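Quick note on labels: first sequence line is chain A, next is B, and so on, each numbered from 1. All values reported here derive from a predicted model rather than from experimental measurement. Note: hydrogens, waters and symmetry copies are ignored here, and every other heavy atom, side chains too, is used.
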Protein chains: 2
Amino acid sequence: MRIGELAQQAGTTTRTLRHYESLGLLPARRAGNGYRTYDEDDLRLLRQIRVLQDFGFGLEETRPFVDCLRAGHPAGDSCPASLEVYRRKLAELDDCIGHLRRVRAEVGAQLARAERETAALKAAAEVPGGPPPLCALAPPDIEEELSTP
Amino acid sequence: MRIGELAQQAGTTTRTLRHYESLGLLPARRAGNGYRTYDEDDLRLLRQIRVLQDFGFGLEETRPFVDCLRAGHPAGDSCPASLEVYRRKLAELDDCIGHLRRVRAEVGAQLARAERETAALKAAAEVPGGPPPLCALAPPDIEEELSTP
DNA sequence: GTAGACGTTGACGTGGACGTCAAGGCCAGG
DNA sequence: CCTGGCCTTGACGTCCACGTCAACGTCTAC
């Protein structure tokens with residue numbers, strides 16, 4: 001199959017495939033006319049790359065998986081190097097999640113504080129002579145409205 | 001104060017300050033010789049920016065806070081625009097954390113599966129004639145070791 | 001033979017927050 | 001006067017995974 005078809009099969013673009021080839025990640029055979037030629041194995045490699053990409057792996061991090069598949073192993077993660085990448089990624093994810101949670105807590109606290117202070121300032125500004133009575137004019141009119149239909 | 005001193009006070013670099021100025025985020029007065037001149041208020045603005053940066057805010061997201069401070073408000077988050085940025089950031093953080101947690105779970109599951117399969121393959125490869133007996137030779141020697149000191 | 005759909009290489013653009021030169025001006029101390 | 005340390009502007013480099021455009025070759029169908 002040619003580059004366009006492979007791209008379509010994998011839900012990506014030809015530019016991406018050429019990019020992978022430029023990195024030596026997914027080299028292609030060439031037909032007589034210079035066109036890149038791929039087979040089903042390449043599709044599997046590519047799918048492996050895409051799955052890891054969706055997980056947020058960098059392209060270099062997918063290399064052990066690709067190499068593992070090309071070495072004939074049944075899965076990209078059948079090799080120790082791939083497992084190491086998994087573990088490193090888990091650690092990274094934990095760090096990142098922890099960091100974001102701390103930030104989230106801090107930002108949430110700041111928002112709550114700022115909202116309190118804003119409310120306090122508003123109240124102080126709007127009420128130099130005590131709070132205005134609720135429904136200052138409405139109640140006397142209620143009977144009218146209810147009794148005049 | 002000049003740019004180098006401000007940078008030092010805020011724990012950043014002169015390049016960063018010039019960058020902020022190029023964005024109109026932290027403009028500077030100029031001395032007669034063309035040198036940038038800052039005061040304590042600028043330091044406060046800069047500290048506000050840095051805090052938000054540490055939270056992962058983009059520079060444009062810090063602008064409402066800076067504008068708010070420059071407008072004379074006591075805090076950068078005393079203005080509605082700043083509160084909106086807080087809220088948007090909280091939503092973003094929640095999305096991001098949720099995403100990362102899902103990815104973490106998936107990667108964790110993949111690692112566990114791959115480790116099981118690797119172990120299974122090893123076992124199958126190493127034991128073509130059944131599992132080796134545990135402590136095949138050790139037990140007979142125990143009495144010797146215990147009785148010969 | 002020509003239009004159109006594919007393919008090729010090469011090279012620059014994107015976004016974000018700066019880093020890192022380069023070439024030169026300003027000012028204090030010795 | 002000269003050195004050294006600060007400052008100036010301008011411009012290119014970084015990282016990453018491609019997007020986008022240009023200019024051109026190849027193959028098929030009409």
Any chance you could lay out the side-chain contact (heavy atoms from CB on, under 4.5 Å) test for A:Leu43 and A:Glu40, step after step, and finish with the verdict?
CA-CA 5 Å; A:Leu43 179 55; A:Glu40 293 297 321; 3.8 Å; yes

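B:Ile3 and B:Thr14 get closest at one heavy-atom pair: CD1-O, 3.7 Å.
Under the 4.5 Å side-chain criterion, counting only non-hydrogen atoms from C-beta, B:Leu17 is in contact with B:Thr12.
Residue A:Thr13 places no side-chain N or O under 4.0 Å from the OP1 or OP2 atom of D:dC18.
Between A:Tyr38 atom OH and C:dT8 atom C1' the separation is 12 Å, expressed in whole Å.
Using a cutoff of 4.0 Å between basic side-chain nitrogens and carboxylate oxygens, B:Glu60 and B:Arg63 are scored as salt-bridged.
The backbone N or O of A:Asp39 sits less than 3.5 Å from a side-chain atom of A:Asp42, completing a donor-acceptor pair.
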Return a single string for nucleotides 5-17 of chain D, one symbol per nucleotide in 5' to 3' order, where B is base contact, S is sugar-phosphate-only contact and - is none, cutoff 4.0 angstrom on heavy atoms.
-BSBB-B-----B

